[in-house]
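To start, the structure itself, in structure tokens.
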Amino acid sequence: FALFPPQLDHGCALHVAARAGLSSVSTQDVPAERPRAVFHTSESDPAKHTEQHEGRLYNIPLEEVKAVFPHGLPYRFQQQIQTFNEARVMVRRPALEILAYLKGSNFAHPAVRYVIYGERGTGKTMTLCHVVHYCSRQGWLVLHVPDAHLWVKNCKELLPSSYAKDRLDQPLQASVWLRNFKTSNEHFLQEIKTQKKYMWGKRESTEEGRPLGEVVEQGLARVRSASDAVGVVLREIKQQSHRGSFRLLVAVDGVNALWGRSTLRKEDKSPVSPEELTLVHNLRKMVRNDWSGGAIVTTLSQTGSLFKRSSAYTPHELLGKEGFDALDPFVPIPVSNYSPREFESCYGYYLERKWLQHEKAHTEDGKAELQFLSGCNPRQLDRLAGPL
Amino acid sequence: TLRLMCTTTAVQRKNVGAAGPEKYTEAFIKKQIEEFNLGKRHLANMMGEDPETFTQEDIDRAIAYLFPSGLFDKQARPMMKHPTEVFPEQRKIQWGEDGRPFHFLFYTGKQSYYSLMHETYEKFLNVQKHQDQLVAEDLPLRKEKRNLAGSRWLTKIELEEMLLEKLSDDDYSRFIQLLQKLVALPCADIEENYIQKFSKEVPVQLQKVVIEPLQYDERGVAFSTGEGKRKTATATAVVYDNGTGKITVNGTDILHYFPVLQDREQLLFPFQFLGRIGKHDMVCTVSGGGRSAQAGAIRLASAKALRSFVTEKEVEFMRQAGLLTVDPRVKERKKPGQEGPRRKFTWKKR
């Protein structure tokens, strides 16, 4: 147990608990596989993750990664997957909390909203991805919006909506999202049937009872009506979720974009408020908890947010009054920096994959230095370990 | 008739007095002294103090108050001092009304130097005679070693000021050699008084830096404080023992206060050097300066605070590593005719 040096704080209970956790899990893990270091776990099904697995890294097979996460993983994590040729996600307490709630929630009640918040770089998006993985393993229909901020800024094309006069369409973003949605939820698109007839312009239409996949194809083929296709998809799914044939997970990263301001401007240079965007309008309807049979897990994000201080991280600050009222009531889930144990396992993982090449990084002093300089912040540690 | 006067002025300054014949007449100096005293009384009246008991320190304070100046050089600021301090001492006229010089060595050109050499050699011969007497009487020669370690001879500039006359290096070295020969004799103690006029005490140890002992707060945890400065930033650091390596700056965590890695590395350096990264907690307050300056100031403050926790040898290592020295670099002044402290204006050929 040399990897867990005695902690200097007075509460040695953590140390004792770590050892106890280790000893109990190692008897399960170690005989089953070659003795990988103690911070890995062979449990690759998030459903079976418990507190014993806290601080450990579990592997997601690469095919699953491509299927479940066509979009949604942080860019740096994607690069790490490419480098290490495996996707290792750390099991952390906030994710375990949400999983516990999801396991015990009653799906006849209206959907519960969970808001993951925390300082910059503490792992909110990764927590969301963990939950998404769990839900997709369980067979839920996952509606994953990787970053709502992408829909309110840097949009090159804004079309006036064909459906509602005062709204604006975003064909590019909508088509990208539809493509990724198709990749992640293939089998559902055949099962769910439309309940209404939808007209796309003068000539095309989708009859009632057609599989949802056709709506998606329509949106991808005719890019001009992609945003409306998204709206149709969202509405259908919402209406049918309470029947119970499938569970719905709405996972939105950067949900504070829906109620903030946008940098987009209309042709007469007047600013666009997010409600005037079709995509945002429809997503807001999804995030309202007037449907049952699923859950809504969202993340606040300061990095992409517009016109907010860089030190703002609480829901109240980032959502503003409007967003807070719209999302209220919700279950707040704070995410903080690594605990000492989590730090140890992350450091051990980097060492094991030979990511830390510097000779001093292998020593105890190097580890203490990394801990100090990164302040146990996951993003800082990742950036620090990069050049080493 | 006027006589030679000897006084001492600042050691480092060029000896203006020895430069040439007098520039100020005695009457002028007297008038200056009268004006100074009158001005002193006026100043005392202005400040509301008693004119009789108005000392030079009071004058200095009053002038600093009435004429505040931001100049760095203290000598350049307005000052009001007694004319004897302001006007350097100089040679009075060495000859009488009939043109005949007073001193017999006047025509050598360096009269005081040669008279000094003569005097010293006279003492030298005295000592030798005394020595011979003692040998003749078969008395033991007293030999008490003069403590040469703690004293030094006068420098050339000091000697020039003493004699009010320019010397050359060669002259100076000859004089010092003579003094050394004098001191080397066993019975030089007789002329101790004379020799002491030309030697100065060197303080053996400059103020030794006192390392404060550890203090204990109410929980029983040992802590110590340190202060540091860098450029315009001042910082105070309190380092607690038995900690987890948590550092708080002005109430916020270092990750939030110093988002840049470079500043955090600066903070890390003292702890890493001593190998005590996770062992101490620190609470600091810092103000002034910029990002780097504050980091440097906290680094110095924490190094000073850590001295109390550490052995003397390690303190010496820290000092050699440069952790305990105040960084003297400050922003250089912009000069007129240039764009910045060093950068000149763009040179145009025409």
Side-chain angles (χ1 to χ4, degrees), chain A residues 3-15 118-123 302-303 308-314 317 334-344 347 358 360-361 363-388, chain B residues 217-223 237 239-284 291-292 295-296 298-299 302-303 305-306 309-310 314 317 321 323:
Chain A
L3 282 167
F4 287 79
Q7 306 287 343
L8 282 161
D9 49 351
H10 303 292
C12 297
L14 176 66
H15 178 49
E119 301 268 340
R120 270 207 278 194
T122 46
Q302 197 283 325
T303 30
K308 291 276 186 270
R309 286 184 302 138
S310 60
S311 50
Y313 70 96
T314 52
E317 283 169 339
V335 178
S336 60
N337 288 331
Y338 279 153
S339 67
R341 182 176 171 176
E342 287 168 344
F343 177 82
E344 305 261 352
Y347 172 77
H358 200 271
K360 289 237 189 79
T363 58
E364 276 296 316
D365 290 334
K367 185 161 98 179
E369 194 178 327
L370 277 175
Q371 194 167 9
F372 184 99
L373 286 178
S374 64
C376 293
N377 184 286
R379 176 184 287 176
Q380 291 293 330
L381 181 62
D382 180 43
R383 293 197 102 96
L384 263 185
L388 287 179
Chain B
D217 69 355
E218 58 269 351
R219 280 179 306 158
V221 176
F223 72 93
V239 176
Y240 294 93
D241 208 353
N242 284 352
T244 46
K246 208 166 68 112
I247 301 196
T248 314
V249 181
N250 279 1
T252 46
D253 195 34
I254 48 164
L255 258 192
H256 296 119
Y257 199 81
F258 291 125
V260 180
L261 177 66
Q262 177 194 343
D263 303 333
R264 274 176 277 149
E265 276 180 350
Q266 289 287 300
L267 289 207
L268 171 70
F269 183 27
F271 296 100
Q272 191 190 26
F273 189 77
L274 299 171
R276 287 164 177 250
I277 299 186
K279 298 193 188 143
H280 294 285
D281 272 343
M282 188 157 82
V283 176
C284 0
R291 181 204 84 189
S292 256
I298 301 181
R299 180 183 114 173
S302 58
L306 280 172
F309 288 96
V310 143
E314 292 197 314
F317 285 150
L323 274 169

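So you know, we letter chains A, B, ... as the sequences are listed, proteins then strands, and number each from 1. Computed over heavy atoms, backbone and side chain alike; hydrogens, waters and symmetry mates excluded.
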Quick one: closest heavy-atom pair of B:Leu268 and A:Glu369, and the distance?
CD2-CG, 3.1 Å
Taking side-chain contact (heavy atoms from CB on, under 4.5 Å) as the definition, give me every residue that meets it alongside B:Val310, ordered by chain and number, with sequence neighbours left out.
B:Leu274, B:Arg276, B:Glu314, B:Val315
For the CG atom of A:Asn337 and the CG atom of B:Asp253, what is their distance to the nearest 0.5 Å?
8.0 Å
With only heavy atoms counted, which part of B:Leu255 is less than 4.5 Å from chain A, the side chain, the backbone, both or neither?
side chain
Salt bridge (Lys or Arg N to Asp or Glu O under 4.0 Å) partners for A:Glu342, two or more places apart:
A:Arg92
Between A:Gln371 and chain B, which part of the residue has a heavy atom less than 4.5 Å away: side chain, backbone, both or neither?
neither
Taking side chain as C-beta onward, heavy atoms only, is B:Gln272 less than 4.5 Å from A:Asp365?
no
Rounded to the nearest 0.5 Å, the CD1 atom of B:Ile254 sits from the CG atom of A:Leu373 at a distance of 7.5 Å
To the nearest 0.5 Å, what is the distance between CD1 (B:Ile247) and CZ (A:Phe372)?
3.5 Å
